[in-house]
*Asks:* 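Encoded as structure tokens, here's the structure I'll be asking about.
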Amino acid sequence: MKKLINRPEDFVKETMEGIIAAYGDKVRLLDGDYRILLSNYGAMEGKVGIVTAGGSGHLPVFLGYVGQGLLDGCTVGNVFASPAAAKMADMIRACDKGSGVLVLLGNYGGDRMNFELACETVDMEDDIQTKMVLVKDDVASAPEAEAHRRRGVAGMVYAFKIAGAKAENGGNLEEVAQAAQHALNNIRTMGVALTSCIVPQVGEPTFSIADDEIEIGMGIHGEPGLEVCKMMTADQVAEILLGKITEDMPLKAGDEVSVMVNGLGATPLEEQFIVYRRIHQMLEELGISVYMPHIGEYATSMEMAGLSLTILKLDEELKGLLGQVAKSPFYTNYNK
């Protein structure tokens, strides 16, 4: 294993210390607790709080979206592991401004179970109202008839953005939750992995894949995908990913979408743009326009090579909320 780390057991703590050293004017730790990151952008009193949580190893997800017009707080776990419920409860308390807190998280068993316990705790002990919305955008993880089982992947970035804008506009807890769910109903993601990643405390690849193979639909923790294929061109990958998404969420001429091509950690931007080029061509041929494309690393898996494609089908409300200004150390949007 070759990684620029010190002791594997200090990986998360030292990552957080580095983030605070770099961006301490924008984010802060709750009472010095390196597991809990809060926004320094100064949320107005009465604004609905928005929080998330998840394992480390996916930067910028999850904590990278703590900021203005995005999330108010994030609880951090070990690599690919859920943080503790007690830490989640502390974060919810810190992010409540008197109007309740939206809990917006990926559909993973540990995160879901711990957040449910945290929400029960703050309800009983602090009378804080919460609502939970689960991100389930990964079309490879379950068929449409069992969409409730789908994993949450890069599409959660769009959900953070939409919910954050709605909260900034003064929406109440129900309205902010509805906006997040409305976005998620129109979001689909499909990924492809070229190589594995290495969890620091494990010290060896999470899975194996041959040099001349790729796996369509693999999850961000190494969960099995749909099929292992021989290596193919960027255009062929783009066509497969978009085809799988549009089978699940049909698009038609006149539709408007936002497109995210997301690198998983070790795929150069040049390759991401080559894939986006073909996605844009295909959408243009179908008479579909693209608003605010996102190309880059938005939700990674350590040093895994590969990428994911996310499509957000827009309407007037979603487009307006997506275009609102948002700022965090890892995400800035000045489109209006």
Side-chain angles (χ1 to χ4, degrees), residues 16 19-20 23-54 60 62-76 83 85-105 115-133 135 156-183 317-318 320-336:
M16 297 297 284
I19 289 170
I20 294 301
Y23 304 121
D25 58 328
K26 300 177 179 65
V27 290
R28 70 186 189 279
L29 303 178
L30 176 62
D31 299 328
D33 187 337
Y34 76 91
R35 297 288 182 178
I36 302 174
L37 191 75
L38 302 176
S39 173
N40 262 351
Y41 285 94
M44 58 187 176
E45 197 65 27
K47 187 189 84 70
V48 170
I50 306 174
V51 302
T52 195
F62 299 84
L63 62 84
Y65 301 98
V66 172
Q68 179 183 347
L70 295 160
L71 302 171
D72 296 287
C74 176
T75 312
V76 179
K87 300 291 186 184
M88 293 174 170
D90 287 343
M91 176 193 49
I92 292 171
R93 293 184 184 104
C95 294
D96 178 44
K97 300 297 181 183
S99 297
V101 176
L102 174 66
V103 174
L104 185 52
L105 69 151
F115 250 138
E116 286 171 352
L117 178 56
C119 290
E120 291 174 5
T121 300
V122 299
D123 178 33
M124 291 187 296
E125 296 181 1
D126 308 275
D127 198 28
I128 296 174
Q129 185 182 6
T130 60
K131 279 191 172 294
M132 183 180 294
V133 173
V135 180
M156 69 177 65
V157 176
Y158 281 133
F160 296 159
K161 177 67 188 70
I162 296 297
K166 189 69 174 181
E168 288 283 321
N169 292 348
N172 62 34
L173 181 57
E174 182 65 32
E175 290 168 340
V176 175
Q178 287 177 352
Q181 190 60 61
H182 178 45
E317 178 190 23
L318 292 176
L321 293 171
L322 181 63
Q324 282 188 214
V325 171
K327 293 186 289 185
S328 86
F330 296 84
Y331 181 98
T332 303
N333 163 30
Y334 292 108
N335 290 278
K336 294 221 176 180

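In this text the structure is predicted, and so the values were computed from the model without any measurement.
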*Asks:* Given side chains that start at C-beta, do those of K131 and Q178 come closer than 4.5 Å, heavy atoms only?
*Replies:*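 K131 vs Q178: side chains apart.
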*Asks:* State, to 0.1 Å, how close T52 and M91 come at their nearest heavy-atom pair, and which atoms those are.
*Replies:*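 Between these two residues, the closest heavy atoms are O-CE, 3.3 Å.
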*Asks:* Between the main-chain N or O of R35 and the side-chain N or O of D33, is there a donor-acceptor pair closer than 3.5 Å?
*Replies:*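 Pair found, side chain donor or acceptor close to backbone of R35.
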*Asks:* Give the C-alpha distance, both sets of side-chain angles, the deciding distance and a yes or no for salt bridge (charged side-chain N to carboxylate O under 4.0 Å, His left out) between D72 and K97.
*Replies:* CA-CA 10 Å; D72 296 287; K97 300 297 181 183; over 6 Å; no
*Asks:* Got a donor-acceptor contact below 3.5 angstrom from the K26 side chain to the Y41 backbone?
*Replies:*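 Side chain of K26 to backbone of Y41: no pair is present.
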*Asks:* Determine the minimum heavy-atom distance between F115 and L105, stating which atoms define it.
*Replies:*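 The answer is CD1-CD1, 3.8 Å.
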*Asks:* Any side-chain heavy-atom pair from L322 and Y158 closer than 4.5 angstrom?
*Replies:*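 They are in contact (side-chain heavy atoms under 4.5 Å apart), so the answer is yes.
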*Asks:* Between S99 and G46, what is the shortest heavy-atom contact and its length?
*Replies:*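 Reported closest heavy-atom pair: OG-O, 2.5 Å.
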*Asks:* Within the 4.5 Å heavy-atom criterion, are P83 and M88 side-chain neighbours or not?
*Replies:*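 Yes, at least one pair of side-chain atoms sits under 4.5 Å.
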*Asks:* Between N40 and G24 (side chain of the first, backbone of the second, donor and acceptor by atom type, cut-off under 3.5 Å), is there such a pair?
*Replies:*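 Side chain of N40 to backbone of G24, a donor-acceptor pair under 3.5 Å: yes, one is there.
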*Asks:* Show the nearest heavy-atom pair for residues Q324 and N333, with the distance to one decimal.
*Replies:*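 Q324 and N333 have their closest heavy atoms at O-ND2, 2.8 Å.
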*Asks:* As a test of understanding, state which of I36, V66, L38 forms a side chain to side chain contact (heavy atoms under 4.5 Å, CB included) with R28.
*Replies:*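 It is L38, the one option of I36, V66, L38 that forms the side chain to side chain contact (heavy atoms under 4.5 Å, CB included) with R28.
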*Asks:* Parallel, tilted or perpendicular: which one describes the rings of F330 and Y23, with boundaries at 30° and 60°?
*Replies:*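 Aromatic pair F330/Y23 classed perpendicular.
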*Asks:* Does some side-chain heavy atom of D126 sit less than 4.5 Å from a side-chain heavy atom of V122?
*Replies:*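 With C-beta onward as the side chain, the pair touches.
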*Asks:* Which value, rounded to the nearest 0.5 Å, describes the distance between T121 atom OG1 and E116 atom CD?
*Replies:*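 It is 11.5 Å, given to the nearest 0.5 Å.
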*Asks:* Could you give the distance from CD (E317) to NZ (K166), rounded to the nearest 0.5 Å?
*Replies:*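 Output value for this atom pair is 5.0 Å.
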*Asks:* Can you confirm whether V135 sits close enough to L104 that some side-chain heavy atom of one is under 4.5 Å from a side-chain heavy atom of the other?
*Replies:*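 With C-beta onward as the side chain, the pair touches.
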*Asks:* Where do D90 and R93 land on the salt bridge (charged side-chain N to carboxylate O under 4.0 Å, His left out) test, with the steps shown first?
*Replies:* CA-CA 5 Å; D90 287 343; R93 293 184 184 104; 2.9 Å; yes
*Asks:* Atom OH of Y65 and atom CG of L37: how far apart are they, to the nearest 0.5 Å?
*Replies:*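 One finds 13.5 Å between OH of Y65 and CG of L37.
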*Asks:* From I128 CD1 over to I92 CD1, what is the distance, rounded to the nearest 0.5 angstrom?
*Replies:*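 If I round to the nearest 0.5 Å, the distance is 7.5 Å.
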*Asks:* Is it true that atom CG of D127 has more than 12 heavy atoms of other residues, nucleotides or ligands lying nearer than 6.0 Å?
*Replies:*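 Atom CG in D127 is not crowded, with 12 or fewer foreign heavy atoms closer than 6.0 Å.
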*Asks:* Between I162 and L318, is the side chain to side chain contact (heavy atoms under 4.5 Å, CB included) condition met? List the steps.
*Replies:* CA-CA 7 Å; I162 296 297; L318 292 176; 4.0 Å; yes
*Asks:* Work out which heavy atom in M44 is nearest to a heavy atom in E168; give both atom names and the distance.
*Replies:*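 Reported closest heavy-atom pair: CE-O, 3.5 Å.
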*Asks:* Can you check whether I19 reaches P329 side chain to side chain, under 4.5 Å on heavy atoms?
*Replies:*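 They are not in contact (no side-chain heavy atoms under 4.5 Å apart), so the answer is no.
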*Asks:* Under 3.5 Å, is there a donor-acceptor pair linking the side chains of E175 and N169?
*Replies:*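 Side-chain D/A pair, E175 to N169: absent.
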*Asks:* Give the minimum heavy-atom separation between L70 and Y331, together with the two atoms involved.
*Replies:*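 Residues L70 and Y331, closest heavy atoms: CD1-CD2, 4.2 Å.
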